[in-house]
Amino acid sequence: MLVPALAFLAGFAAPPGGDELPEGAVLRLGSARLRHRDPVAVLEFAPGGDALASSGHDGAVTLWDPEDGARLFHRRIGGTVQLGLSFASDGKELLLAGGDSIVRTWRFREEEAKPFQVEESARQVRLAPDGRTFAATGHDTFARILDAETGATIHSVSCGDLLPGAAAFSPDGATLAVIAVNRNKLLQRRGFQEQPSAVLHLIDTATGEERTPIVAQNVVLQDLAWLDGARLLTCDAKGDLKIWDAASAELLRGVTVPEAAPARCMALAPAGDLVAIGLDDGTVSLRTLAEDAEKRELARLEVGRMPVADVAIAPDGGMLAAAAGIAVRLWTLPEAEPHLAFPRHAGPVSAVAFADGGARIATASYDHTLRLWDAADGGEVQNVEASAGFVFGLASHGGRVVTAGQDGTVRTWAPAEASEESEQALALGLDLVAHGAATTGVALSADGATIASVGADKTLALWDAETGVLKRRIEGLRGLRFVVSFAPEGNRVAVGSIDLQAFEVQSGEEAFKVSGFGAPITTQAWSPDGATIAVGLADRSIRLLDGKTGDQIHVLYGHLGRLNAVAFSPDSRTLASASAHELGLRLWDVAKGEELRRLEGHDRDVLSLAFSPDGKLVAAGSMDASVLVWRVAD
């Protein structure tokens, strides 16, 4: 079994029933299972079907348990993008190809990788059935067969002026099929048809000689698979399938599905009856090759918002895996039922807030949604569409939550009335067309009576939180992206962009203005005691200003990138901050202006922060689409 052989290499402790947590974190909102920190490029099931390997733009290879999504093994390989992956037939080794012209054989039992240089960067690699050789295709016009032990080139076959891509060995290893594509679309548009759009090269692996090639004149071939030792299946960019005779290069038959999106990749079930095609619209088209089928497309499966990068079918044909963006999804076959659908955001968490007295945590994301989580166990309570675009801002008071959307709206969400028909925790209240451009920030006064919103239309708007009546609109703000916060008494509201401006809520008059920061304001917060305003800047610094006058008190240095978020503890003594290029957050002593500690363990930059009402926890929403909740006090 492959899983027992790999389990001792995992090197992490996972809490019962959950994902692994970094030291100091007590909770994760949104599962980290079957998710990379950067887009996935390639998937492959282990020969035994008891592990799924994925790799991609984060330069890591990860093995997952397909039954429960647990991470069995994870290692960053060589610090570069990994675009090619192929299992050995015994399941004990992986062949990995990166953008650094190095192909690595990874032996899991020894916990080491054996690298060897190849002539060109290999984007795709494929081990021969006997494991003694492998095929590599990259950025030049040659397809190569190399020794799997030394990396030495055995055969190098020119594809003319075309670029080789997908490759596959015949079941007996005697023939290598390689797709080569004409990428010069400009010449094609001008009518130069002397070059084919694609050629399927068939190479004798013993001699390196080519057999009769298969030429495609007006379509780009994307992927291929051997149906048996005599027939090849190809998928073109239109999503059409064709079956070819490998000996004669004749087309046997085609399988077409009307109105399919452009295709990128393909996986063939072991029985040769089902084909999964990854499409540009983020879906997988599951099709049958049976000649007597009433319909060709059996199902269309939703993967994500990004194009499907790769698909894989388990060796027993019982499971389908697909990757789109940073996430991998699984389905059972032939039913095409979802397997392991984890609750989580599909994009960066842009805002986070404790709600309902700290019993729940609200999160907003670039995936257009507002989600509500149980603060005790991290379970998802609700998921609603909060904007037609990104959700940029979030504020809460008691059980009410307010969101700010890229579509220029401000929406309020209040506790839903209990009924047998609805299990919703929150129901939509006000739906305000607040701004003529994106609403970039939103805040609630301490008594929950007033909503402040700022927009890319350079306006500040103040609303009655119960009725949605517009109390005041202040126009002509300076800047592009605005952030907003209330003084604790609710009598003033601060807006930051180029300048920091504080306005009187009742009169709309400017209370004070602070200019000359030397960099845009990217985040700001007013302390609960009203004494301090924290201003985070694009120049990596934090300015602590007097909450009454705007005079500078401290300047905090140390962050590695632009400030993404700042938040005060309820007692105003501690400031949490997060910046770009860091995988965590920092805590500061407000009175002394000194750093207290760092909390690290996120997979990407932290974008949003919020303290719990009792000040014992801080929640951090990240670009990795999840939230980690950290204990900061007893």
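- Remark: the backbone N or O of Asp605 is paired with a side-chain donor or acceptor of Ser622 at under 3.5 angstrom.
- Ion pairing between Lys242 and Asp236 holds under the 4.0 Å rule for side-chain N and carboxylate O.
- Of all heavy-atom pairs between Gly151 and Leu146, the closest is O-CD2, 3.2 Å.
- A salt bridge links Asp38 with Arg604: the closest approach of a Lys/Arg side-chain nitrogen to an acidic carboxylate oxygen falls below 4.0 angstrom.
- Using a distance-only test at 3.5 Å, with no hydrogens or angles considered, no donor-acceptor pair links the side chain of Trp64 to the main chain of Arg33.
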Determine, stepwise, if the pair Thr175 / Arg211 fulfils side-chain contact (heavy atoms from CB on, under 4.5 Å).
CA-CA 9 Å; Thr175 305; Arg211 300 174 183 174; 2.6 Å; yes
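- Under the 4.5 Å side-chain criterion, counting only non-hydrogen atoms from C-beta, Leu127 is not in contact with Thr133.
- In terms of heavy atoms, Ala148 sits closest to Gly131 at CB-O, 3.3 Å.
- Looking only at side-chain heavy atoms (C-beta outward), Leu241 and Leu233 come within less than 4.5 Å of each other.
- Side-chain contact between Glu210 and Val157: present, with at least one pair of heavy atoms (C-beta onward) separated by less than 4.5 Å.
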Check step by step if side-chain contact (heavy atoms from CB on, under 4.5 Å) holds for His602 and Leu628.
CA-CA 8 Å; His602 293 266; Leu628 284 174; 3.4 Å; yes
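- Taking every heavy atom of both residues into account, Trp226 and Ala168 meet most closely at NE1-O, 3.0 Å.
- Contact record, Leu202 with Ala177: CD2-CB, 3.8 Å, taken as the closest heavy-atom pair.
- Put simply, the side chain of Thr137 gets close to the backbone of Gly165: a donor and an acceptor are under 3.5 Å apart.
- Between Lys238 and Pro262, every side-chain heavy-atom pair lies at or beyond the 4.5 Å cut-off.
- Interatomic distance, CG of Asp58 versus CD1 of Ile326, reported as 9.5 Å (0.5 Å rounding).
- His368 and Ser387 form no side-chain donor-acceptor contact under 3.5 Å, judged by distance and modelled atom types alone.
- Judged by distance alone, with hydrogens and angles left aside, the side-chain atoms of Gln406 form no donor-acceptor pair with the main-chain N or O of Gly389 at under 3.5 Å.
- Residues passing the side chain to side chain donor-acceptor pair (under 3.5 Å) test with Asp367, sequence neighbours excluded: His345, Ser365, Thr369.
- Of the candidates Arg371, Arg344, Arg28, Glu380 forms a salt bridge (charged side-chain N to carboxylate O under 4.0 Å, His left out) with just one, namely Arg371.
- Going from atom CH2 of Trp373 over to atom CD of Gln382 covers 12.0 Å, rounded to the nearest 0.5 Å.
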If you apply the rule side-chain contact (heavy atoms from CB on, under 4.5 Å), what do you find for Leu63 with Leu52, and how did you get there?
CA-CA 5 Å; Leu63 262 68; Leu52 174 68; over 6 Å; no
Side-chain donor-acceptor pairs under 3.5 Å in residues 268-283, sequence neighbours left out?
residue, atom, partner, partner atom, Å
Asp280, OD1, Arg264, NE, 2.4
Asp281, OD1, Thr283, N, 3.1
Asp281, OD1, Thr283, OG1, 2.6

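- Listed by chain and number, the residues in a side chain to side chain contact (heavy atoms under 4.5 Å, CB included) with Glu44 are Leu85, Ser86, Phe87, Arg126 (sequence neighbours excluded).
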Walk me through it: do Thr363 and Leu370 pass the test side-chain contact (heavy atoms from CB on, under 4.5 Å)?
CA-CA 6 Å; Thr363 57; Leu370 163 70; over 6 Å; no
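- Using a 4.5 Å heavy-atom cutoff, the side chains of Trp244 and Leu252 are not in contact.
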Show the atom names and distances, to 0.1 Å, of all donor-acceptor pairs under 3.5 Å that link a side chain in residues 307-317 to residues at least two apart or in another chain.
residue, atom, partner, partner atom, Å
Asp310, OD2, Leu43, N, 2.8
Asp316, OD1, Gly318, N, 2.9

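- Rounded to the nearest 0.5 angstrom, Asp204 CG and His155 NE2 are separated by 7.5 Å.
- Judged purely by atom type and a 3.5 angstrom limit, Gln222 uses its side chain to pair as donor or acceptor with the backbone of Ala263.
- Residues Phe392 and Ala438 approach most closely at CE1-CB, 4.0 Å, considering heavy atoms.
- Residues Glu385 and Val391 have side chains not in contact (no heavy-atom distance under 4.5 Å, counting atoms from C-beta outward).
- A distance of 9.0 Å separates CG in Leu221 from SG in Cys235, rounded to the nearest 0.5 Å.
- In terms of heavy atoms, Arg329 sits closest to Val303 at CD-O, 3.4 Å.
- With rounding to the nearest 0.5 Å, the separation of CG in Leu224 from CE in Met266 is 6.0 Å.
- The main-chain N or O of Leu34 is never found under 3.5 Å from a side-chain atom of Arg71 such that the two would form a donor-acceptor pair.
- Contacts of Asp228 classified as side chain to side chain donor-acceptor pair (under 3.5 Å), with partners at least two apart in sequence or in another chain: Arg231.
- Using a 4.5 Å heavy-atom cutoff, the side chains of Thr153 and Ile145 are not in contact.
- In this structure a side-chain-to-backbone donor-acceptor pair under 3.5 Å is present from Thr205 to Ala174.
- Formation of a donor-acceptor pair under 3.5 Å by the His339 side chain with backbone atoms of Pro66 is found in this model.
- Leu27 CG to Asp377 CG: the interatomic distance, rounded to the nearest 0.5 Å, is 7.5 Å.
- The side chain to side chain donor-acceptor pair (under 3.5 Å) test applied to Trp331 returns no partner, not counting sequence neighbours.
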